Amino acid sequence: MQSRTKAALALMFAATGAYAQTYPAKPITIVVPNPPGGMNQIHAQPLSAVLEKLTPQPAPIVNRPGGVSAIGTAFVANQPADGHSILVTTANLYLVIEKDRLYGIKSPYSLDQIEPIALLSADPIIMVVHPSMPVKTVKELTALAKKKANEIVFSTSGPYGVTFMPVAMYMDATGVKMRHLPTTGGGPAILQALGGHSQVTTGGPAALYGHIQNAKLRPIASFGTKPHPALPNVPTFQSMGYKNVEAYLWVGLFTAKGVPGPVLDQMRRLIAKAAADPSFKQTLEKVRVVPDYRDGDEFKNFFDADYQRMAAIIKKVGKI
């Protein structure tokens with residue numbers, strides 16, 4: 001009986017190893033859990049092009065928006081664990097879960113269903129104000145916000161979203177209160193600020209850079225630990241003494257949990273090769289996204305630290 005079991009296991013491992021050698025055996029579907037456009041799409045497009053160059057298989061991009069990325073994420077989480085579905089997403093991956101936990105709602109997926117593959121970029125969130133605002137620094141904004149409690153309006157992609165959480169961090173650290181204008185995404189939130197409907201907003205350097213250069217929005221702080229190369233003169237919150245104020249618009253790759261080890265290793269090697277391709281890097285750099293590839297423990301440590309910071313702020317914010 002033991003000999004038959006050992007033989008069966010040997011055959012299984014041999015089959016897995018052979019499958020890994022032929023990976024990818026079919027198209028690799030790249031799932032973007034948002035409408036076309038935005039940071040996830042910016043990364044998915046060149047990734048698809050490079051994967052199709054590196055393998056004999058197509059790598060189509062499928063947009064599955066809805067539920068603050070939850071619909072697309074749940075789709076990948078429930079795909080066969082064979083390494084042929086890749087999710088391109090942001091911190092919304094866990095923000096949805098923490099928000100649902102706060103409200104006692106069952107999430108459409110769990111992190112136990114998701115396998116992290118690699119981080120592609122992690123640009124700091126930038127805080128900007130409308131040029132009509134009589135402030136040029138965080139200190140001045142804080143003083144004005146305390147003087148005009150709940151009068152200053154800030155726009156975001158929505159409650160508990162990736163551009164809402166940094167502002168929540170800032171308000172928690174300074175004790176100020178501002179009025180929230182939720183929108184349907186990061187782009188619409190910026191449009192509200194450009195139109196003067198909100199006085200403060202946040203976003204990634206890629207989305208804000210052109211408006212900053214055209215003096216339509218004024219940057220006052222970065223949520224990173226160091227300045228962004230495209231905005232070297234924008235100070236960080238940490239440099240101003242706010243040690244726990246840190247937030248990134250990061251983009252990472254994930255797949256369904258349970259991919260066999262040899263296949264997962266082959267998958268990670270392929271992604272690493274794609275991320276190192278000059279055309280992939282150049283595409284990101286053209287829109288002022290800094291490539292920042294990390295995998296294995298390095299990605300896990302980054303993910304865990306980011307998750308802990310955001311979960312703590314969600315608890316402080318509470319139900320809205």
Side-chain angles (χ1 to χ4, degrees), residues 31-35 37-44 63-73 87-102 107 109 111 114 116 119-128 154-172 180-193 198 200-209 221-225 228 237 244-254 287-290 292 299 302-317 320:
V31 178
V32 174
N34 316 95
M39 282 291 282
N40 290 332
Q41 196 83 19
I42 285 171
H43 290 70
N63 293 88
R64 288 184 173 271
V68 194
S69 301
I71 290 176
T73 302
L87 174 70
V88 186
T89 194
T90 64
N92 279 327
L93 177 73
Y94 61 71
L95 291 175
V96 166
I97 291 174
E98 288 301 310
K99 181 204 70 175
D100 287 349
R101 180 178 287 119
L102 182 68
S107 298
Y109 61 88
L111 290 183
I114 307 291
L119 180 74
L120 296 181
S121 70
D123 284 343
I125 298 286
I126 305 296
M127 176 179 278
V128 294
F154 70 99
S155 54
T156 78
S157 56
Y160 313 105
V162 292
T163 60
F164 171 87
M165 297 311 299
V167 183
M169 275 187 179
Y170 160 71
M171 292 194 294
D172 178 67
H180 186 207
L181 172 59
T183 70
T184 56
I190 292 171
L191 287 175
Q192 292 298 314
S198 69
V200 180
T201 195
T202 61
L208 292 171
Y209 184 81
S222 165
F223 285 84
T225 56
H228 189 274
F237 276 99
N244 295 320
V245 178
E246 182 180 352
Y248 301 91
L249 183 51
W250 59 262
V251 175
L253 303 181
F254 302 81
V287 293
R288 292 176 176 81
V289 173
V290 179
D292 188 4
F299 182 29
F302 172 87
F303 182 92
D304 290 348
D306 195 69
Y307 191 172
Q308 289 171 14
R309 280 192 299 269
M310 295 301 180
I313 292 297
I314 286 179
K315 289 178 182 177
K316 288 186 176 183
V317 169
I320 298 175

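The structure presented is a predicted model; accordingly, all values stated were derived computationally and were not measured.
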Working to the nearest 0.5 angstrom, can you tell me the gap between Leu208 CG and Met127 CE?
11.5 Å

Side chain to side chain contact (heavy atoms under 4.5 Å, CB included) between Leu111 and Ile97: does it pass, once the steps are laid out?
CA-CA 8 Å; Leu111 290 183; Ile97 291 174; 3.6 Å; yes

Ser157 and its side chain to side chain donor-acceptor pair (under 3.5 Å) partner, picked from Thr202, Thr184, Thr163, Thr183
Thr163

Nearest heavy-atom pair of Ile190 and Ala207: which atoms, and what distance?
CD1-CB, 3.7 Å

Whether Phe299 and Phe254 hold their rings parallel, tilted or perpendicular, with breakpoints at 30° and 60°:
tilted

Does any non-hydrogen side-chain atom of Met39 lie less than 4.5 Å from one of Val162?
no

First locate atom CE of Met310, then atom CG of Asn92, and finally report the distance between them rounded to the nearest 0.5 Å.
10.5 Å

Look at the side chain of Ser155 and the backbone N and O of Ala189, then say whether any donor-acceptor pair between them is shorter than 3.5 Å.
yes

Worked check of side chain to side chain contact (heavy atoms under 4.5 Å, CB included) between Val251 and Thr89
CA-CA 5 Å; Val251 175; Thr89 194; over 6 Å; no

State, yes or no, whether a side-chain contact exists between Arg309 and Asn244 at a heavy-atom distance under 4.5 Å.
no

Please step through side chain to side chain contact (heavy atoms under 4.5 Å, CB included) for the pair Phe164 and Ile313, ending with a clear verdict.
CA-CA 11 Å; Phe164 171 87; Ile313 292 297; over 6 Å; no

Hydrogens and angles aside, do Ser222 and His228 bring a side-chain donor and acceptor to less than 3.5 Å of each other?
no

Spell out, as yes or no, whether a donor-acceptor pair under 3.5 Å connects the side chain of Tyr160 to the backbone of Ile320.
yes

Considering only heavy atoms from C-beta outward, does the side chain of Leu119 approach that of Phe303 to under 4.5 Å?
no

Return yes if some donor-acceptor pair links the side-chain N/O of Asn34 with the main-chain N/O of Pro65 below 3.5 Å, else return no.
no

Hey, are the side chains of Val287 and Tyr209 touching, using non-hydrogen atoms and a 4.5 Å cut-off?
no

With ring-ring contact (aromatic ring centres under 6.0 Å, His included) as the test, pick out the partner of Phe223 among Tyr248, Phe237, Trp250.
Phe237

Could you tell me if the side chain of Gln41 sits less than 4.5 Å from the side chain of Asn63, heavy atoms only?
yes

Between Thr201 and Gln192, is there a side-chain heavy-atom distance shorter than 4.5 Å?
no

Mind listing the closest non-hydrogen atom pair of His180 and Gly158 along with its distance?
CE1-C, 4.0 Å

Does the side chain of Leu93 come within less than 4.5 Å of Leu87's, by heavy atoms?
yes

Are any of the side-chain heavy atoms of Ile114 and Tyr94 separated by less than 4.5 Å?
no

Can you see which heavy atom on Val96 is nearest to which on Gly67, and at what distance?
CG2-O, 4.0 Å

Criterion side chain to side chain contact (heavy atoms under 4.5 Å, CB included) on Ile314 and Arg101, from CA distance to verdict:
CA-CA 10 Å; Ile314 286 179; Arg101 180 178 287 119; over 6 Å; no

